[in-house]
There are 2 protein chains.
Amino acid sequence: MARKPADQSVSRQDILHAAAHVLQRNGYEATTMKDIAAEVNLTAASLYHHFDNKDALLLAVLEAGIEQILGEIEPIARSSRSSAEKLRRMIAAHIVSLTENTAVGAAMVFEIKSLVSDKSATGNGSKPDAASMIERREAFVARRDQFEDLFRFVVREGIERGEFRAVDVPIFVKTLLGAHNWVGVWYRPEGRLSGPEIADMMADTFLRALRRSHE
Amino acid sequence: MARKPADQSVSRQDILHAAAHVLQRNGYEATTMKDIAAEVNLTAASLYHHFDNKDALLLAVLEAGIEQILGEIEPIARSSRSSAEKLRRMIAAHIVSLTENTAVGAAMVFEIKSLVSDKSATGNGSKPDAASMIERREAFVARRDQFEDLFRFVVREGIERGEFRAVDVPIFVKTLLGAHNWVGVWYRPEGRLSGPEIADMMADTFLRALRRSHE
DNA sequence: AAATTAATCTAATCATGATTAGATTAACAG
DNA sequence: CTGTTAATCTAATCATGATTAGATTAATTT
């Protein structure tokens, strides 16, 4: 314990935020330690004082992102409202998060591929934390799955309750989340519509798609 | 002109297909010339006999992808069917392309960012074809926009004709395309559903979302 | 004020991946 | 056959970006 964040001295959080921005802007592979460092006025080398390596840093961003959204979505999914109301709120929460928590959201989605794939493939007995890093990745993927499950749960529940028409739940949810994720790609704060407005429209679209035929 | 594709000798097309696969699997930045070369049993150096450089090669993949899909979608959009029928067919064509033409489709979507962004930014007076490469990128982006426009056109037309309820067209189309693009990420040939089946379901979802209130 | 630790920096070092240079081999033209 | 060009290869070369090593500076503690 030393030094007080008087004015200088970058915090772990500052770095995570910076990294999230760069990540959303450039994507996983194209994000360099230097880019991140620049956003907080540090040199790339200095980042290693805060994080073990690039993967650990970027994974931390994704973890923060997932946790943040799960924290918003889960309570809604478990609440006692109608399935329709829950779904509408979950959609709104996700989209608004995606547009506000810029970093977090966008990063979360598109970079999973880079993370999950190869690396430390077959014979890797080198680095000490290699194992923990693998565990963290798996944990992240698991959380990501949980997130998707919450939507599946609510849609399925709505069908069982007779609130929604019968749809192929997995596909419907993929459709829904694909649309959401894409928002992170095209959304611009200066754009014509605000996050909540976009969220409303998208919720309308999907809730109408779930309406029982008659009406 | 020399040598006949007796059995050996890789064609430009072979390379494009290979590149498309790798591209879809790893993403733009993570795709290496070596990866691509390996898929066609060549060395990375050999690829330069067929393409000027990595960007030119990958851009060629994206170009082929856009042209292929535009070629399918455009005739449908211009046909004289009902807007609903046109939209249904366009959705199906896009999704099936995305699942079959693997490479093409998936690549097309997620890698635009990597292509459009930075590079050859400010002062670049070096390479001879630097200019043409920039033009090609812009042309690609323009084609990508045309693609989106076709969907906007049909949705707008359907609203004007009274076939669809009034929706915010740009947002609705982003929603639609986001859902489509995402298919390229999760679809697996060995999966539970075929491309056409998925396409049907997604078309249902979006066409229902466009239904006029009463019915 | 001295010792200790945090937070940074600059200057290497390393690894990877793109691109180039210089053969080599084989099908083709004449 | 003999010269020419296509298609490849192997062995550099270069550039970039991650990571490490060795100071340096500034709070913190005692």
Side-chain angles (χ1 to χ4, degrees), chain A residues 1-16 18-19 22-23 26-60 114-115 117-121 123-124 126-130 133, chain B residues 1-16 18-19 22-23 26-61 114-115 117-121 124 126-130 133:
Chain A
M1 312 83 167
R3 181 179 268 220
K4 170 185 49 183
D7 163 284
Q8 41 231 145
S9 186
V10 175
S11 78
R12 187 183 167 88
Q13 278 306 305
D14 294 330
I15 296 176
L16 286 178
V22 181
L23 204 45
N26 308 327
Y28 205 99
E29 301 293 343
T31 292
T32 75
M33 292 297 267
K34 197 179 173 187
D35 289 338
I36 298 171
E39 292 240 340
V40 284
N41 296 307
L42 286 184
T43 58
S46 299
L47 296 179
Y48 289 82
H49 179 66
H50 302 276
F51 296 88
D52 287 342
N53 54 51
K54 181 180 171 181
D55 275 351
L57 166 49
L58 297 193
L59 183 50
S114 306
L115 252 194
S117 60
D118 53 331
K119 294 175 179 177
S120 64
N124 180 315
S126 49
K127 300 301 174 61
D129 2 59
M133 200 54 28
Chain B
M1 315 79 168
R3 182 180 267 219
K4 171 184 47 183
D7 163 283
Q8 39 230 149
S9 186
V10 175
S11 78
R12 188 183 167 88
Q13 279 307 305
D14 294 329
I15 297 177
L16 286 179
V22 182
L23 204 43
N26 307 326
Y28 205 98
E29 301 293 343
T31 293
T32 75
M33 291 298 267
K34 197 178 173 187
D35 289 338
I36 299 170
E39 293 241 341
V40 285
N41 296 306
L42 286 184
T43 59
S46 299
L47 296 179
Y48 289 82
H49 179 65
H50 302 277
F51 296 89
D52 287 342
N53 53 52
K54 181 181 172 181
D55 275 351
L57 165 50
L58 297 193
L59 183 49
V61 171
S114 306
L115 252 194
S117 61
D118 54 330
K119 294 175 182 177
S120 65
N124 181 314
S126 49
K127 300 302 174 60
D129 2 59
M133 201 53 29

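Naming: A, B, ... by sequence-line order, numbering from 1 per chain.
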Can you check nucleotides 14-18 of chain C for protein contacts, nitrogen or oxygen pairs under 3.5 Å, and list what you find?
| unit_1 | atom_1 | unit_2 | atom_2 | d |
| --- | --- | --- | --- | --- |
| C/dA18 | OP1 | B/T31 | O | 3.4 |
| C/dA18 | OP1 | B/M33 | N | 3.2 |
| C/dA18 | OP1 | B/K54 | NZ | 3.3 |
| C/dA18 | OP2 | B/M33 | N | 3.0 |

To the nearest Å, give me how far apart [atom1] ([X]) and [atom2] ([N]) are.
X	N	atom1	atom2	value
B/I36	C/dT19	CD1	C1'	14 Å
B/L47	D/dT10	CG	P	13 Å
A/D52	D/dT19	CG	C1'	12 Å
A/H50	C/dT5	NE2	C1'	14 Å
A/H49	D/dT20	NE2	P	15 Å
A/D14	C/dA7	CG	P	12 Å

Rounded to the nearest 0.5 Å, what separation is found between the CG atom of A/D55 and the OH atom of A/Y28?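 If we round to the nearest 0.5 Å, A/D55:CG and A/Y28:OH are 4.0 Å apart.
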What's the spacing between A/E39 CD and A/I15 CD1 if we round to 0.5 Å?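 Reported value, rounded in 0.5 Å steps: 12.0 Å.
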Pair up each side-chain donor or acceptor in residues 40-49 of chain B with any protein partner under 3.5 Å, not counting sequence neighbours, and list the distances.
| unit_1 | atom_1 | unit_2 | atom_2 | d |
| --- | --- | --- | --- | --- |
| B/T43 | OG1 | B/S46 | N | 3.4 |
| B/T43 | OG1 | B/S46 | OG | 3.0 |

Taking side chain to side chain contact (heavy atoms under 4.5 Å, CB included) as the definition, give me every residue that meets it alongside A/A56, ordered by chain and number, with sequence neighbours left out.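 In terms of side chain to side chain contact (heavy atoms under 4.5 Å, CB included), with neighbours along the sequence ignored, A/A56 is linked to A/D52, A/N53, A/M133, A/R136.
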Is the shortest side-chain N/O distance from B/T43 to OP1 or OP2 of D/dT8 below 4.0 Å?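 It does not, given that no N or O in the side chain of B/T43 lies less than 4.0 Å from OP1 or OP2 of D/dT8.
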Given D/dT20, C/dT8, C/dT20, the nucleotide with the shortest approach to the side chain of A/A45: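 Taking heavy atoms from C-beta onward, the closest nucleotide is D/dT20.
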Between A/L58 and A/I36, what is the shortest heavy-atom contact and its length?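 Heavy atoms only, the tightest pair is CD2-CD1, 4.0 Å.
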Take B/L57 and B/M33, measure what side-chain contact (heavy atoms from CB on, under 4.5 Å) needs, and give me the verdict at the end. CA-CA 9 Å; B/L57 165 50; B/M33 291 298 267; 4.2 Å; yes
Please classify the nucleic acid contact of B/D35 as base, sugar-phosphate, or nothing, using heavy-atom distances under 4.0 Å.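 Contact class for B/D35: none.
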